[in-house]
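Beneath this line is the structure, given in structure tokens, with notes to follow.
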Amino acid sequence: MRVAEVRRYGKYIVFDLDRGVLAVHLGMTGKLLFDVPANPYTRAVWEFDGFSLSLEDIRQFGRVLWSESLPEPVAALGPDPLEISRIAFNGRATSYRTAVKGLLLNQRFLRGLGNIYADELLFRARIHPERRTEDLPGSVWTTLWREMKVLLAEAIEAGGSSISDYVNTAGEKGSFQLQHQVYAREGKPCRRCGTVIEKKTLQQRGTHFCPRCQER
DNA sequence: CAGATCACCTGCTTGC
DNA sequence: TGCAAGCAGGTGATCT
């Protein structure tokens, strides 16, 4: 069995094989690591000529899918945030009726945004996370689209956000957590206006925002 | 049917 | 110090 290509597809890592497509989701605590000894959290090991690839996952929220073609849960995901045009973004956004934060986390809307980047994006766009999507004018979607591109580019440049577990395949942490404006900064002053950052639970997710910069 | 809530799992932090 | 409760980069199943 050969791996023809490895690509990212939303939060999935997709392996195109001789036969079929393998998709790995890391969940909250999953890691794909080369050449490490097995431990109690090792969930899978792929042996190649001269090296191995292990999936470690403490909380077991990760998963491995295989199908003759792109597995259905993967194929059902929305467009990639890095690729979507402004027109397409604005067009898709208006077909949902929910809190804007919930929309950003909906992988059928866009594939790949998670809790950290939803919060950071809403802060940059100065949108309150509970604002209803149906109430947001086109200009706001354009702002979200533009800020999303900038935010993700900066986060990728910094190697992502390592809160506790995340590392790349070389075992290295990212540094974007140092640039977070609101995520995990509740009780601290807003870097833009000094107001105390708040945290509340929204749709079961910790949601961080500046009550002044992001008025309802 | 879309949107909201629950459930899954383990480890670490927090508060009494 | 000890222990239980609460919380964590996510999402499929199950409700309303």
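Convention: sequence-line order gives letters A, B, ...; per-chain numbering from 1. Any value given below was found using the heavy atoms of this structure, including those in side chains, with hydrogens, waters and symmetry copies removed.
Classification of A:D80 and A:R8 as a salt-bridged pair holds, one side-chain N sitting under 4.0 Å from a carboxylate O. Classification of A:K101 and A:D119 as a salt-bridged pair holds, one side-chain N sitting under 4.0 Å from a carboxylate O.
The ring pair (Phe, Tyr, Trp, His ring centres under 6.0 Å) test applied to A:H180 returns A:F176, A:Y183, not counting sequence neighbours. For A:E215, there are no side-chain contact (heavy atoms from CB on, under 4.5 Å) partners two or more places apart in sequence or in a different chain.
Using a 4.0 Å heavy-atom distance criterion, A:Y117 is classed as making no nucleic acid contact.
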For every nucleotide of nucleotides 8-16 of chain C, 5' to 3': is a protein heavy atom under 4.0 Å from its base (B), only from its sugar-phosphate (S), or from neither (-)? BBBBS----
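Per the geometry, CZ belonging to A:R132 stands 10 Å off C1' belonging to B:dA4, to the nearest Å.
Pairs engaging residues 123-142 of chain A under the ring pair (Phe, Tyr, Trp, His ring centres under 6.0 Å) rule: A:H128-A:F209 [sequence neighbours left out].
Between A:S95 and A:Y41, it is A:S95 whose nearest contact on DNA chain B lies nearer the 5' terminus.
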So what's the dot-bracket for DNA chain C: Watson-Crick or G-U pairs under 3.5 Å, [ ] if a pair crosses, | if it pairs off-strand? .|||||||.|||||||
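Separation of the C1' atoms belonging to B:dC12 and C:dT11 is 23 Å when rounded to the nearest angstrom.
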Listing time: all N or O pairs from protein to nucleotides 14-16 of chain B that are below 3.5 Å?
none

